[in-house]
K.L.:
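Take a look at this one; I'll ask things after.
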Amino acid sequence: MTAEPALLSLTSVAQAIAQKRVSSREVTQSCLDRIAKWQPRLNAFMAIEAEAALKAADAADAKLSKGHLGGALHGVPLAHKDMYYDAGRVVTCGSKIRHDFVAASTSTALQRLKDAGTIRLGSLQMAEFAYGPTGHNAHYGPVHNPFAFDHITGGSSSGSGSAVAARLTFAALGSDTGGSIRMPAHFCGVTGLKTTYGRISRAGAMPLSQSLDTVGPLARSAGDCALLLGLMAGADPQDPTAIAGPVPDYAAAARESIKGLRIGVPTAFYVDDLDSEVARILDETIAVLKREGAHIVEVELPDQRQLTAACQLVLAVEAAAFHKRWLIERPQDYGPQVLMRLQNGLAIPGVSYLEAMRWRGPALAAHNAAVAGVDAVIAPVAPVAAPTIAESDVGNSPDAESVIQRLTRFTRPINYLGLPSLAIPAGFTRGGLPVGMQLIGRSFDEARLLRIGAAFQRASDFHERLPKLS
Amino acid sequence: MTRPSPKEAKAMADVAGVPVNAEVAARIANSIGPAFEGFAAVAGTLPFDLEPASFLLVQAAKDARKAST
């Protein structure tokens with residue numbers, strides 16, 4: 001057993017606790033020790049609940065000593081993005097408006113992880129109301145990248161990306177409406193799964209855009225994401241958009257070879273205007289997948305700019321509608337950038353919004369036809385590695401929206417189409433910043449993405465590299 | 001489909017019940033203009049019978065769903 005249990009993977013630590021090779025208390029204390037050291041530099045946690053976590057760990061150990069294994073993640077401490085309702089607890093949603101909001105119920109995704117035996121370390125920082133791709137937060141300060149403290153984490157699941165990368169939690173829930181899981185995974189060097197729309201219940205997760213919101217994990221490996229997805233996926237009477245039907249064995253899929261799978265490389269858009277280091281890492285990633293037995297083929301995708309535009313129309317209107325009451329009553333309590341972006345949705349006519357919604361079906365059908373010959377598509381998550389916190393602090397300046405759109409141009413089309421996408425650490429820039437690639441699949445085909453991601457991680461070590469606290 | 005002018009953006013925000021001043025209206029028009037332009041080729045071209053729920057039908061179509069088993 002390692003001297004520092006917090007450095008184990010989620011899968012390994014769950015097995016170690018179940019086999020009594022390490023106690024939940026030892027694991028929890030290890031995480032808390034790291035949190036105490038790193039939090040002052042990262043600002044990744046919104047709340048740290050050390051005493052309660054240790055008490056829960058002791059209870060988990062006591063149960064296990066009597067032969068009661070509570071679930072697949074018995075006694076494993078986790079922390080999640082502070083937008084998952086947990087009955088009786090404050091859930092800030094990264095906002096001033098909800099700084100004292102106490103949830104009346106528990107989100108389905110969180111409850112399923114609790115049912116699997118997890119315990120709570122606290123809650124994680126995020127962009128205000130999950131509406132920001134950089135990791136800035138006007139109320140609680142920016143979250144810092146563990147690999148370079150003056151660089152952004154990406155958002156909106158900023159605390160999730162930072163805390164998983166620094167090994168403060170074994171995994172964390174994020175949410176992805178326009179790239180909010182994949183961007184922090186890319187910038188922070190962790191694995192993040194944006195699930196198919198409808199794969200995991202959204203009940204009890206703070207809404208931003210009901211047509212685009214998805215729940216998913218950030219973790220240290222594709223295998224760990226597979227374990228978490230298997231626990232959370234499936235129908236939920238509280239969310240009619242969560243699909244029924246059997247949940248595949250994702251963990252088993254992640255162990256399979258990718259020999260013979262066909263992976264598509266887009267001929268345009270996702271390969272245009274890339275930073276040279278991102279382009280290099282894309283080529284290197286493709287080479288690894290080829291060595292692992294995948295066939296690499298070119299794919300010509302439909303116009304992705306139209307998808308991005310449609311995504312912006314839908315997101316802006318739905319977000320403005322959710323926030324309308326507070327836009328009237330409490331505009332002064334929003335950060336400037338979030339207020340600006342929410343106001344954008346006020347000036348989009350209902351007809352334009354509905355046209356964007358009506359086009360989703362044909363747009364997805366066209367995409368499916370374009371990728372019919374491949375098992376997945378590989379593309380960069382973003383055209384650049386993490387910029388500095390200072391240079392990306394655009395606030396509500398006139399060009400803020402265009403800066404945000406440029407940063408998220410490779411993630412938004414996927415949200416509009418509701419597709420799954422797995423972001424994996426794929427390399428580092430010469431300056432030491434992580435770079436991720438996304439594997440984009442067919443609807444509900446997370447299993448194949450996890451299979452490809454895990455195969456890549458068996459052949460590389462980027463996901464195992466630790467940031468240093470200096 | 002054309003991008004709204006600041007004056008139009010202000011009028012729409014007013015109608016939505018969240019009045020904004022001229023400066024904010026200009027910023028809104030500037031921010032959402034590219035989305036209108038990007039979607040212009042699609043707007044006004046969709047078939048009469050097409051409903052938003054067609055997305056869920058395509059998503060759940062046999063080929064897509066087969067992938068999850």
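These numbers come from the heavy atoms of this one structure, side chains and all, not from hydrogens, waters or symmetry mates. Quick note on labels: first sequence line is chain A, next is B, and so on, each numbered from 1.
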K.L.:
So Val20(B) and Gln343(A), do their side chains get closer than 4.5 Å, heavy atoms only?
P.N.:
yes
K.L.:
Would you say Lys324(A) and Val18(B) make side-chain contact, with heavy atoms under 4.5 Å?
P.N.:
yes
K.L.:
Provide the closest heavy-atom pair for Pro52(B) versus Leu354(A) in the form atom of the first, atom of the second, distance.
P.N.:
CG-CD2, 4.2 Å
K.L.:
Minimum heavy-atom separation for Gly361(A) and Ser54(B), please, with both atom names.
P.N.:
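Closest pair (atom of Gly361(A), atom of Ser54(B), distance): CA-OG, 3.6 Å.
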K.L.:
Which of the residues Ser31(B), Gly44(B), Gly38(B) is involved in the greatest number of heavy-atom pairs with chain A at under 4.5 angstrom?
P.N.:
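So the answer, after comparing Ser31(B), Gly44(B), Gly38(B), is Ser31(B).
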K.L.:
Which atom names give the shortest non-hydrogen contact between Gln312(A) and Ala35(B), and what distance separates them?
P.N.:
OE1-CB, 3.2 Å
K.L.:
For chain B, find which of Gly441(A), Ala316(A), Ala356(A), Ala253(A) contributes the most heavy-atom pairs closer than 4.5 angstrom.
P.N.:
Ala356(A)
K.L.:
Look up atom CZ in Phe39(B) and atom CD in Gln306(A), then write down how far apart they are to the nearest 0.5 Å.
P.N.:
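One gets 8.0 Å once the value is rounded to the nearest 0.5 Å.
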K.L.:
For Met357(A) and Glu51(B), what are the C-alpha separation, side-chain angles and deciding distance, and is it a side-chain contact (heavy atoms from CB on, under 4.5 Å)?
P.N.:
CA-CA 8 Å; Met357(A) 287 298 291; Glu51(B) 291 193 22; over 6 Å; no
K.L.:
Nearest 0.5 Å, what's the CG-CZ distance between Asp49(B) and Arg358(A)?
P.N.:
9.0 Å
K.L.:
Given that the side chain runs from C-beta out, which part of Leu417(A) has a heavy atom under 4.5 Å from chain B: side chain, backbone, both or neither?
P.N.:
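Contact with chain B: backbone only.
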K.L.:
Taking side chain as everything from C-beta outward and backbone as N, CA, C, O, which of these in Pro349(A) sits under 4.5 Å from a heavy atom of chain B? Side chain, backbone, both or neither.
P.N.:
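Both the backbone and the side chain of Pro349(A) come within 4.5 Å of chain B.
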K.L.:
Would you call Arg360(A) and Gln59(B) a side-chain contact if the rule is heavy atoms closer than 4.5 Å?
P.N.:
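No - every pair of side-chain heavy atoms lies 4.5 Å or more apart.
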K.L.:
Measure Ala365(A) against the heavy atoms of chain B and call it side chain, backbone, both or neither at under 4.5 Å.
P.N.:
both
K.L.:
Working to the nearest 0.5 Å, report the span between CG of Asp14(B) and CG of Leu346(A).
P.N.:
10.0 Å
K.L.:
Given heavy-atom pairs under 4.5 angstrom as the criterion, report whether the side chain, backbone, both or neither of Pro47(B) touches chain A.
P.N.:
backbone
K.L.:
Assert yes or no for the condition that the ring centre distance of Phe55(B) to Trp359(A) is strictly below 6.0 Å.
P.N.:
no
K.L.:
Does CZ in Arg330(A) sit with more than 12 non-hydrogen atoms of other residues, nucleotides or ligands closer than 6.0 Å?
P.N.:
yes
K.L.:
For Ala372(A), is it the side chain, the backbone, both or neither that has a heavy atom under 4.5 Å from a heavy atom of chain B?
P.N.:
neither
K.L.:
What part of Val24(B) is in contact with chain A, defined as an atom under 4.5 angstrom from a non-hydrogen atom: side chain, backbone, both or neither?
P.N.:
side chain
K.L.:
Does CD belonging to Glu23(B) count more than 12 external heavy atoms closer than 6.0 Å?
P.N.:
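No.
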K.L.:
What I'd like to find out is whether the side chain of Ser352(A) reaches to under 4.5 Å of the side chain of Phe36(B), using heavy atoms alone.
P.N.:
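Yes, their side chains come closer than 4.5 Å.
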K.L.:
Minimum heavy-atom separation for Ile348(A) to Ile32(B), with atom names?
P.N.:
CG1-CD1, 3.9 Å
